[in-house]
Number of protein chains: 2
Amino acid sequence: MADSNERYESMVRKLKEHGYKLTHQRLALARVLSVSEGHPDVETIFLRLQDSFPTMSLATVYRNVMLFKSFGEVLELGFPNGRNRFDGNKPFPHPHVICIRCQKIIDPDVGSLKDMTEEVADITGFVILTHRLDFFGICSDCMTEKV
Amino acid sequence: MADSNERYESMVRKLKEHGYKLTHQRLALARVLSVSEGHPDVETIFLRLQDSFPTMSLATVYRNVMLFKSFGEVLELGFPNGRNRFDGNKPFPHPHVICIRCQKIIDPDVGSLKDMTEEVADITGFVILTHRLDFFGICSDCMTEKV
DNA sequence: GTTTTAAATAATAATCATTCTCATTTACAT
DNA sequence: ATGTAAATGAGAATGATTATTATTTAAAAC
Ligand SMILES: [Mn+2]
Ligand SMILES: [Mn+2]
Ligand SMILES: [Zn+2]
Ligand SMILES: [Zn+2]
């Protein structure tokens, strides 16, 4: 994964560059996102911030995660059911492998989709801006689970 | 695209095989799904059924689209914002190209992901059951649009 | 350091696609 | 034709996300 200090500094830099205030809540969120490894959802992020900010609002987490996303500092993985998940380590499109039992999401080390993206653009006439590739299955932990 | 009569017959066969009643609503829905080409959402399907079934409930559309999905007769494309879309022609995982302006969704003719799926299974230890690949961009119609 | 003020936050209401509930209706086996 | 479990229609409930607004605060100006 990316160096978390680098990621943190990058997020703070973006706040400054765009003229946003460096609130305690934002800096703490940047820290949580930069060290996050398991693609947390807002609830998980919210709970991690509870220690340092017992009065923090869930809306503040939503607002600022989306703010960091608008800077390209976090990747949002939207899901139609269940909560959206966030990747603060690799804030660019990349494949994910999702366990349908325990909801674990990991980043596999596989080749990119550059070739297929170009092929799709050629065939369809679309200007392709981004993509999303998810593999759904059952992780080895869940496979060996009894019951 | 697939032959719509074949698709329709396949859907009706699945209803019979699984012992579900052949209600007028289900048969009409099977017809709409089998001829659908633009990945309609439930609202669109609902409106198309209004002509023949003015009293039909939206819940019935949801219920039975999910029933056909459980038979593997329709592919659901879930979206975290906006409505889910359905493909009754190719009810198996395949790539999609989505226009972020007009929400058009098309099926591009590209090679499969079989190789990458195997690679991911090897690397992660997951048992991969399905996948989802979306390319997001702007279609040529929207690109040439003024304003 | 104090003051000023636009931006940010906390709390909570609103949204909206989807699912659930239940009274009524219907497919279909007998 | 009748009986019965399944299906439908109508509308309430759900739940993640977004919007609203009064209060607080970061940081610029003095
Ligand atoms: Mn990731
Ligand atoms: Mn399709
Ligand atoms: Zn698992
Ligand atoms: Zn378009």
Side-chain angles (χ1 to χ4, degrees), chain A residues 11-30 32 39-71 74-86 103 105, chain B residues 11-32 39-71 74-86 98 103 105:
Chain A
M11 291 183 196
V12 175
R13 197 182 322 122
K14 287 283 170 59
L15 284 174
K16 287 178 184 165
E17 280 173 12
H18 292 81
Y20 286 89
K21 293 183 177 175
L22 304 185
T23 65
H24 298 141
Q25 291 91 333
R26 278 179 180 152
L27 296 177
L29 174 60
V32 169
H39 304 88
D41 57 24
V42 281
E43 191 70 25
T44 302
I45 295 168
F46 178 65
L47 289 175
R48 276 189 207 159
L49 291 167
Q50 289 284 53
D51 303 326
S52 6
F53 297 90
T55 72
M56 192 175 192
S57 170
L58 193 57
T60 297
V61 181
Y62 272 104
R63 264 191 303 259
N64 288 308
V65 167
M66 294 316 282
L67 183 66
F68 285 122
K69 180 187 173 187
S70 76
F71 297 152
V74 69
L75 179 74
E76 180 174 27
L77 300 177
F79 293 94
N81 29 258
R83 305 196 254 267
N84 292 354
R85 307 276 288 262
F86 298 90
Q103 316 303 322
I105 301 180
Chain B
M11 290 182 196
V12 175
R13 197 181 322 122
K14 287 284 171 58
L15 284 175
K16 288 178 183 165
E17 281 173 12
H18 290 82
Y20 285 90
K21 294 183 178 175
L22 303 186
T23 64
H24 298 139
Q25 291 92 332
R26 278 178 181 153
L27 296 177
L29 174 61
R31 184 64 72 187
V32 169
H39 303 87
D41 56 26
V42 281
E43 191 70 26
T44 302
I45 295 168
F46 178 66
L47 289 175
R48 276 187 207 160
L49 291 167
Q50 289 285 51
D51 303 327
S52 5
F53 298 89
T55 71
M56 192 175 192
S57 169
L58 194 57
T60 298
V61 181
Y62 271 105
R63 265 192 300 255
N64 288 308
V65 167
M66 294 316 282
L67 183 66
F68 285 122
K69 181 187 173 187
S70 77
F71 298 152
V74 69
L75 179 73
E76 180 173 28
L77 299 178
F79 292 95
N81 29 257
R83 306 197 253 267
N84 291 354
R85 307 276 287 262
F86 297 90
I98 300 167
Q103 315 305 320
I105 301 181

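Each chain gets a letter, A, B and so on, in the order its sequence line appears, and its residues count up from 1.
Residues passing the side chain to side chain contact (heavy atoms under 4.5 Å, CB included) test with B/Ser70, sequence neighbours excluded: B/Leu67. Shown here are the side-chain hydrogen bond (donor to acceptor under 3.5 Å, both in side chains) partners of A/Glu43, two or more places apart in sequence or in another chain: there are none. With sequence neighbours excluded, the residues satisfying side-chain hydrogen bond (donor to acceptor under 3.5 Å, both in side chains) with B/Asn64 are B/Arg26. In terms of the side chain to side chain contact (heavy atoms under 4.5 Å, CB included) criterion, residue partners of A/Gln103 (sequence neighbours excluded) are, by chain and number, A/Arg85. Residues passing the side chain to side chain contact (heavy atoms under 4.5 Å, CB included) test with A/Val12, sequence neighbours excluded: A/Tyr8, A/Lys16, A/Leu22, A/Leu27. Residues meeting the side-chain hydrogen bond (donor to acceptor under 3.5 Å, both in side chains) test with B/Arg83, sequence neighbours left out: B/Asp41. Residues satisfying the side-chain hydrogen bond (donor to acceptor under 3.5 Å, both in side chains) test with A/Thr23, not counting sequence neighbours, are none. Judged as a salt bridge (charged side-chain N to carboxylate O under 4.0 Å, His left out), and not counting sequence neighbours, B/Lys21 has no contacts. Looking at residues two or more places apart in sequence or on another chain, you find a ring-ring contact (aromatic ring centres under 6.0 Å, His included) between B/Tyr20 and B/Phe71.
When all heavy atoms of B/Gly78 and A/Pro80 are compared, the pair lying nearest together is CA-CG, 3.6 Å.
For A/His18, the NE2 atom sits in a packed shell: over 12 heavy atoms of surrounding residues, nucleotides or ligands are nearer than 6.0 Å.
One atom, CZ of B/Phe46, and another, P of C/dT18, lie 14 Å apart when rounded to the nearest Å. Rounded to whole angstrom, the span from the CG atom of A/Asn81 across to the P atom of C/dT19 amounts to 7 Å. In this structure, CD1 of B/Ile45 is placed 15 Å from P of C/dA17, rounded to the nearest angstrom. Separating the CE atom of B/Met66 from the P atom of C/dA17 is a distance of 16 Å, rounded to the nearest angstrom. In this entry the distance linking CZ of B/Arg85 with P of C/dT18 reads 11 Å, nearest Å.
Relative to the axis of its first five pairs, the axis of the last five pairs of the helix from C/dG1-D/dC30 to C/dT30-D/dA1 sits at 30°, rounded to 10 degrees.
You can see that DNA chain D meets the heavy atoms of chain B within a 4.0 Å-exclusive cut from D/dA5 to D/dG11, reading 5' to 3'.
For C/dA17, neither phosphate oxygen OP1 nor OP2 lies less than 4.0 angstrom from any side-chain nitrogen or oxygen of B/Asn84.
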Requested in this report: Summarise protein proximity over nucleotides 5-14 of chain C in one line of letters, 5' to 3': B for base, S for sugar-phosphate only, - for none, counting protein heavy atoms closer than 4.0 Å.
Outcome: -BBSBBBB--
